[in-house]
Amino acid sequence: MASPQTNGDLWLKDLTKTFGDFAAVDHIDLHIPQGSFFALLGPSGCGKTTTLRMIAGLEEPTSGKVLIGDLDITYAKAYDRPVNTVFQNYALFPHMDIFENIAFGLRRRNVSDLDKKVKDVLELIQLSHLARRKPAQLSGGQQQRVALARAIVNQPAVLLLDEPLGALDLKLRREMQVELKRIQMEVGLTFIHVTHDQEEAMSMADTIAVMNNGVVEQLGAPLDLYERPATQFVASFLGQTNTLQGTVVGPDGDFTVVDTACGRLRLPRTELTGSVALGVRPEKIEFAQTAVSGVPDGANVVEGVVTDASFIGVSTQYIVRLRNEQEIAVFEQNLLFGRRALVGDQVTLFWDPRHSFALAAQ
Amino acid sequence: MNAPVVPVPAAGVQAVRSTKAGTRRRWTPYLLLLPGLLWLGIFFIIPLASLLMQSLQTPVPNGLAGQFQQTWRFQNYIDTLSQPNFYNAMIRSFTYSFIATVLALLIAYPLAYAIALRAGRAKPLLLVLVVAPFFVSFILRTIAWKQVLGAEGPVVSTLQALHLVQQNFTIYPSSAAVIAGLTYNFLPFMTLPIFASLDRLDTRLVEAANDLYAGNLVAFRKVTLPLTMPGVVAGTLLTFIPASGDYINSELLGGSVNTTMIGKVIDSRFLVLSDYPAASVLSFTLMSIILAAVWLYVRKAGTEELV
Ligand SMILES: Nc1ncnc2c1ncn2[C@@H]1O[C@H](COP(=O)(O)OP(=O)(O)OP(=O)(O)O)[C@@H](O)[C@H]1O
Ligand SMILES: [Mg+2]
């Protein structure tokens with residue numbers, strides 16, 4: 001076990017896994033502080049499960065290191081690591097009842113107080129009354145909670161969750177997200193949660209690593225990733241984004257001015273030069289009353305024609321065709337009675353330049 | 001359901017039709033079972049009853065050899081089973097068969113494991129090899145074992161060349177040769193069901209066990225083995241039951257009174273000595289013991305006590 005000073009932070013150092021000549025995980029570096037809720041987010045096949053399996057010891061890395069504190073566990077056997085996994089498909093033992101499933105890890109290590117520990121965790125997941133059922137007699141959500149209990153009862157330094165909510169319907173999924181978050185706060189373990197649902201990652205995690213093609217594209221707090229995506233991929237993976245191609249003109253105070261086909265627009269100071277893409281989220285864009293009034297000073301302004309409007313309850317989603325024939329999305333909260341604009345209307349749009357971000361042009 | 005306010009004729013028709021369909025559905029399983037039940041009745045129950053009756057017959061007074069009458073003499077059982085050469089053959093059969101079953105299990109499990117989980121693309125080929133012996137008749141294969149285990153055969157000459165045994169050492173004929181023959185002949189019956197259950201095994205469960213601090217041996221004992229127990233039970237039954245009644249192996253590879261199995265005794269009582277009651281007593285006893293043993297075994301295996 002790591003001593004308290006070196007603590008239980010997890011480090012992945014230059015971790016790589018290749019299958020044949022295909023790199024499933026390509027030189028990843030990550031530092032995951034003890035007790036944090038960390039999400040690995042990425043599209044199917046980007047290497048999330050492979051990364052987890054290397055942390056769990058179920059897959060041997062081609063190169064690189066896995067450390068907990070300063071304990072090198074790269075080549076430690078799965079059963080020697082203070083790491084437990086909640087598997088993508090739960091992998092509950094079908095021949096054992098719920099109690100025995102949860103007790104499995106404790107029994108292997110001859111932990112004292114086994115009975116009490118299992119009962120406590122059964123209470124935590126609110127399934128005490130089903131302790132003697134077999135896994136096949138539980139609903140999907142209940143099985144998921146048992147899989148979670150079976151892992152956390154061991155108090156591992158790191159808990160790996162591989163899309164544990166993937167098989168659940170939306171409502172149960174939301175409930176379980178809240179529950180998972182509550183349990184993580186209660187037990188204070190390091191959670192690494194793999195998902196390809198961006199909302200799930202953003203609502204639960206302290207830190208998100210967005211993966212694509214075996215590499216980490218960007219790492220940060222949910223808000224930072226959403227408001228300041230560093231790449232086109234991150235911008236489009238975390239919610240919807242409009243991008244306008246342009247050229248950097250030069251700095252202007254805290255901003256950088258970009259020349260686009262729709263006029264000069266500003267975005268927070270960037271190091272990028274030459275060709276760039278200016279990004280802005282659809283919900284940041286507002287309609288001006290008229291072309292001349294109602295636009296605050298210093299706002300980015302563009303003009304266009306509404307080509308589509310769809311009402312979806314909390315908001316209305318508009319498609320606006322700009323001067324350069326590019327179409328952008330605009331979401332307006334339904335604060336007014338009636339429509340903000342109708343299809344065919346000539347409109348003026350504006351947004352606070354602090355809501356734009358620069359992406360390297362493709 | 002009970003009292004519709006306005007009886008609607010259409011609904012009534014519907015109801016009648018669905019009742020008819022219901023009746024048909026209720027009888028369908030039995031109809032489907034019928035051929036099987038008939039088969040069982042004609043070829044199993046009736047012969048079994050006649051066997052039981054025959055075991056309670058006595059010779060016709062002053063009759064010819066092979067003439068018996070139904071006298072319901074239960075003393076037949078005591079008389080027959082108390083003869084040493086009979087009960088010895090019975091005990092020997094079960095001992096041979098038990099040892100052969102254990103050996104076959106020890107060989108078949110690793111074999112099936114390797115084929116199911118480690119063979120990769122060679123899997124179908126290896127499976128064919130497991131059943132390949134069936135392309136040659138049972139008798140021929142057993143005779144071949146005479147050569148294999150014989151004085152000039154590869155086993156003995158290899159052992160002699162390695163100076164592990166003396167020059168006059170023989171394996172065949174002996175109890176060991178009989179057991180070797182039984183083990184060999186029934187190996188596919190053990191291997192195939194175990195293979196089937198290992199092939200179905202979800203190996204992610206083994207990974208989960210590893211993840212939960214179980215070393216490979218513990219993971220095997222706690223997860224792989226219990227989950228493949230149905231295959232083991234099927235395999236051991238398919239080996240033990242026919243091996244207990246088999247006498248080709250003991251005849252061809254044992255060949256002395258000290259290796260005679262019960263099948264041979266029954267065979268000669270029936271076909272050579274025409275002692276039908278004694279043969280029936282032995283057959284019936286053999287079957288009852290096997291049934292009882294199987295029942296106990298399956299009950300234990302079912303409650304995972306064997307693991
Ligand atoms: N054993 C293997 N042999 C060959 N290629 C593999 C193996 N395991 C994974 N891969 C490949 O590595 C890549 C990453 O797989 P991985 O399972 O890590 O994806 P993932 O991000 O977990 O995807 P998902 O969200 O669909 O679960 C995939 O392209 C996959 O085809
Ligand atoms: Mg995966």
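What you see below is based on every heavy atom in this structure, not just the backbone, and it leaves out hydrogens, waters and symmetry mates. Sequence lines set the chain letters: A, B, ... in the order given, protein chains first and strands last, and positions in each chain run from 1.
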Sub-4.5 Å side-chain heavy-atom contact between Met190(B) and Leu238(B): no
Salt bridge flag under 4.0 Å for residues Asp29(A) and Lys65(A): no
Greatest number of heavy atom pairs closer than 4.5 Å to chain B - which of Leu58(A), Thr85(A), Asn84(A): Asn84(A)
Asp162(A) versus Thr49(A), side-chain donor and acceptor atoms under 3.5 Å: yes
Centroid separation Tyr96(B) to Tyr247(B) less than 6.0 Å: no
Arg299(B) to Trp295(B) six-membered ring, cation-pi geometry met (6.0 Å, 45°): yes
Under 4.5 Å from any heavy atom of chain B - which part of Leu160(A): neither
Val223(B), part contacting chain A, at a heavy-atom distance under 4.5 Å: both
Proximity breakdown for Arg150(A) and chain B, heavy-atom pairs closer than 4.5 Å: both
Engaged part of Leu227(B) at the chain A interface, taking heavy atoms whose separation is under 4.5 Å: side chain
Asp202(B) versus chain A, the contacting section by heavy-atom distance below 4.5 Å: side chain
Asn89(A) versus chain B, the contacting section by heavy-atom distance below 4.5 Å: side chain
Contacting region of Ala209(B) [heavy-atom separation from chain A under 4.5 Å]: both
Mutual orientation of the aromatic rings belonging to Tyr109(B) and Phe220(B) [parallel < 30°, tilted 30-60°, perpendicular > 60°]: perpendicular
